[in-house]
Number of protein chains: 2
Amino acid sequence: MAQPKIRNMEEFASLSGISRPTVSKYFNDPDSVRASTRAKIEASLKKHDYQPNVFAMNQNRRTTKNIGVVVPNLADPFFSEIGRRVELACIDAGYSPILLSSHGSPEMERDNLKTLRSLKPAGVLLAPFGRMSDEAAVQAFDEEFPLVLFDANMAKVGQAFVGTDNGQSVDLMVEYLCRSGEPPCFFEMRNPTNPNANKRRQAYIESMERHGQEPRIFQAEGEGWNFEEIGSTEGARLLSSKAFSTNTILCSNDRLAIGMLSAAYGLGLRVGHGTGCDLRIAGHDDHPFSRYTCPPLTTIAQDYEAIANRAVSELFGILEDDERLSDRTETTFDGRLIMRDSA
Amino acid sequence: MAQPKIRNMEEFASLSGISRPTVSKYFNDPDSVRASTRAKIEASLKKHDYQPNVFAMNQNRRTTKNIGVVVPNLADPFFSEIGRRVELACIDAGYSPILLSSHGSPEMERDNLKTLRSLKPAGVLLAPFGRMSDEAAVQAFDEEFPLVLFDANMAKVGQAFVGTDNGQSVDLMVEYLCRSGEPPCFFEMRNPTNPNANKRRQAYIESMERHGQEPRIFQAEGEGWNFEEIGSTEGARLLSSKAFSTNTILCSNDRLAIGMLSAAYGLGLRVGHGTGCDLRIAGHDDHPFSRYTCPPLTTIAQDYEAIANRAVSELFGILEDDERLSDRTETTFDGRLIMRDSA
DNA sequence: TATATATATTTACGCGCGCTAAATTTTAAT
DNA sequence: ATTAAAATTTAGCGCGCGTAAATATATATA
């Protein structure tokens, strides 16, 4: 790092003994210049500590290196985890990820898309709210930018979707629960903010029917993203009134299950599959904390890594062949059954 | 929204019947133009759906409206929560927050600061790693931009610091634990990544001495940010070997406590302050899940809201009087004791 | 109504870099 | 050594907006 502060690319180029356009090419793609000049530039970079002005770079460019990443709620560990992986994958590919959380509000999702539009992203990875998303806004966005959806699907929007096969994953859990004890009832929110909830309910019903069992669904009242609170309050209400028709409860997601575990504990009910247990509780998502609940939560692990990587590679695939492919792809990964002590 | 897509401010200005520089002034500060022209512009905005090009806007500007927000790890609910509040406070003030997570890595903190520098932020809010942070990089950043630290302090860096008074908060907990049962031992990581850990240990020692008790510290081996895992593994080891000299364990933070609770459950130990309980466990931070652990965790609540708001207002205060104030301020808020069932 | 002051407009320039086309040099292939 | 191909240089325009100075217009004060 030298003392004289470099003002612009022109100056850096002449200090490096290279012309400005060549330096410009280097910053856009280091492999597009001859190895010997690349070496000269990189040597000079180590001496001089220059980085191009982002705003000038992006202003007059056909397409930037920005990748927008929008998730419904970073406070939810599922999204913070998958967001992290997506972010790192973008950086590895030489892009600049811009991670935005909608903080649980579909309106802010719309705002986030608006913000992103002004950043001229090369592409966008969106985990939408689903039916609660501003469909027109997402659709308009889809027409303007390469868009890949993940986690939650929306009909005919985005050039690709990547997520978990809820049919497979829920069936896996139902099968296990039926085989190892009483068939499960299903616990979910009446007005789920999570769009996968509907798929999971449907998958539960179908799976139960395949097993010759009657599906039983219990719906919790409550709005918003405070799933643990809802699971705990409504779980306590249902448990104490002995509303459940079976001793096995499959929760729509781990956060509800964590609330349910807390409710069971409060009522002095022993949760687990061992002898002397009153109740089995299972979840879905392999939430980072589900390993440390009491008892540890039996759940379905979504393949975060695969979903994040595939979503990113789908997007980059689209970016490379700038032809807009007509065929929308949908990729789902299997869930894995994580057997712990709660069920 | 009209059909003809507006290309630039020139076009929008003439459509609105106003000159471009006046429109430019409006976007920089709506209150800086006459009410009647502001009304004309806003009416036109509703018709035409134009927004200025971010890159062109920021390129030739003395100072942007960007506020950088850097946290050590968004996967930690504490930071995702405080990051969320900071973000919203910035938006309310008409700024564009850019939230960056260092994903637990001090190297990425350095990269994030580098990224931010190229975005010419009006100011930066940084929750540093503390001693693990690249001190030179942070210091250099401090000289270039208005910088406010939060959560973790660094000596003489940043123009202000906002956080929790660990001395007060830990003392509050120690006092409660001593008063209500056996005096606590202290459980922490040997090489804590969280910089507040050292302050808490010190606070624990001093508080115990004030209470005429001998401090006892137990340190867990383990690196990284997987605190629950470390708390669980090391907790199980210590509990099963009956290493603890008291039945009361104060954990350096809630995530370690959650791991410890899990270990106690696995060993069949009953946690709580009631009769028939074997162990009391307390934490620190009022982690979002601490309310739903089994039993619910007694802990210290940091005042997220106050810390976030004060950090933001400190920064905006600095931005307004562009004179660089010589006096560095340090603000700490008291923690609140949250009594639940675990201790 | 005349004068002083605040606000708008006009004019003009520059920011730092992307991008292009033609001229030139370097490298690789014969 | 000759030739073709690839890389670099030179030269120059343009992006969309910030900003400053000069000028014109509107509002407040006398």
Side-chain angles (χ1 to χ4, degrees), chain A residues 4-45 48-66 94 96 117-122 322, chain B residues 4-45 48-66 94 96 117-122 322:
Chain A
K5 178 89 179 175
I6 292 173
R7 312 166 59 106
N8 54 35
M9 194 180 279
E10 186 77 54
E11 209 168 300
F12 173 75
S14 71
L15 277 171
S16 315
I18 318 241
S19 72
R20 184 178 68 79
T22 303
V23 173
S24 172
K25 271 192 76 180
Y26 168 83
F27 278 110
N28 285 321
D29 177 8
D31 292 328
S32 67
V33 302
R34 201 185 298 151
S36 59
T37 56
R38 183 165 62 246
K40 283 206 312 199
I41 293 175
E42 279 163 1
S44 181
L45 269 177
H48 293 299
D49 177 40
Y50 160 77
Q51 48 182 336
N53 181 309
V54 185
F55 302 111
M57 262 179 56
N58 287 321
Q59 163 180 22
N60 199 21
R61 196 180 225 160
R62 299 192 194 296
T63 164
T64 69
K65 289 259 182 179
N66 299 329
S96 303
R117 183 162 31 164
S118 72
L119 296 176
K120 298 186 195 167
D322 42 53
Chain B
K5 177 89 181 176
I6 292 173
R7 313 166 58 108
N8 53 35
M9 194 181 278
E10 185 77 55
E11 210 167 301
F12 173 75
S14 71
L15 278 170
S16 316
I18 319 242
S19 73
R20 185 180 68 75
T22 304
V23 173
S24 171
K25 271 192 76 180
Y26 168 84
F27 279 110
N28 285 321
D29 178 10
D31 292 327
S32 68
V33 302
R34 200 187 298 152
S36 59
T37 53
R38 182 165 63 246
K40 284 206 312 200
I41 292 174
E42 278 163 2
S44 181
L45 269 177
H48 292 300
D49 177 40
Y50 160 76
Q51 49 181 335
N53 181 308
V54 186
F55 302 111
M57 261 178 59
N58 287 321
Q59 162 177 26
N60 200 20
R61 197 178 226 167
R62 300 193 188 295
T63 165
T64 69
K65 290 261 183 180
N66 299 329
S96 303
R117 184 162 28 164
S118 71
L119 296 176
K120 297 185 198 170
D322 42 53

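Order of the sequence lines sets the chain letters (A, B, ...), proteins ahead of strands, with each chain counted from 1. Below, each value reflects all heavy atoms present in this structure, side chains not excepted, and no hydrogens, waters or symmetry copies. Owing to the predicted nature of the structure, the values given are computational and were not obtained by experimental measurement.
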### Query
Mind checking whether Phe12(A) and Ile41(A) have side chains closer than 4.5 Å, heavy atoms only?
yes
### Message
Nearest whole Å is fine: how far is dC17(C) P from Asn58(B) CG?
### Response
15 Å
### Summary
Met9(B) atom CE is separated from dT9(C) atom P, nearest whole Å, by 14 Å
### Task
Report which part of the nucleic acid Pro21(A) touches: base, sugar-phosphate, or nothing (heavy-atom distance under 4.0 Å, all strands).
base
### Task
Answer with base, sugar-phosphate or nothing: what part of the nucleic acid does Ser24(A) contact at a heavy-atom distance below 4.0 Å?
sugar-phosphate
### Query
Backbone N or O of Lys120(B) within a donor-acceptor pair of the Thr64(B) side chain at under 3.5 Å?
yes
### Query
In whole angstroms, how far is the P atom of dC15(C) from the NZ atom of Lys120(B)?
11 Å
### Residue whose closest nucleotide on DNA chain C lies nearer the 5' end, Asn53(A) versus Ser36(A)
Asn53(A)
### Query
Using a cut-off of less than 4.0 Å, is there contact between a side-chain N or O of Tyr26(A) and OP1 or OP2 of dC17(C)?
no
#### Entry: Boundaries of the DNA chain D segment in contact with chain B, non-hydrogen, under 4.0 Å
dG16(D) to dA26(D)
### Query
Expressed in angstrom and rounded to an integer, what is the separation of Arg38(A) atom CZ from dT26(C) atom P?
19 Å
### Query
Can you tell me how far C1' of dG18(C) sits from CG of Asp29(A), to the nearest Å?
15 Å
### Query
Could you give the CZ-to-P distance, from Phe27(A) to dC17(C), as a whole number of Å?
9 Å
### Task
Drop me the distance from Glu11(A)'s CD to Tyr50(A)'s OH, to the nearest 0.5 angstrom.
9.5 Å
### Query
For Glu42(A), which residues count as a salt bridge (Lys or Arg N to Asp or Glu O under 4.0 Å) partner, sequence neighbours excluded?
none
### Query
So which pairs with a foot in residues 12-23 of chain A pass salt bridge (Lys or Arg N to Asp or Glu O under 4.0 Å), sequence neighbours left out?
Glu10(A)-Arg20(A)
## Note on the structure
Which of Asn53(A), Thr63(A), Asn66(A) passes side-chain contact (heavy atoms from CB on, under 4.5 Å) with Asn58(A)? It is Asn66(A)
### Query
In Watson-Crick or G-U wobble terms, both distances under 3.5 Å, what is the partner of dT20(C)?
dA11(D)
### Query
Taking atom C1' of dC17(C) as reference, at what distance in whole Å does atom CG of Asn60(B) sit?
13 Å
### Query
Got Lys40(B) and Ser16(B) here, is their nearest side-chain heavy-atom distance under 4.5 Å?
no
#### Entry: Length of the line joining Arg7(A):CZ and dG14(C):P, which is rounded to integer Å
13 Å
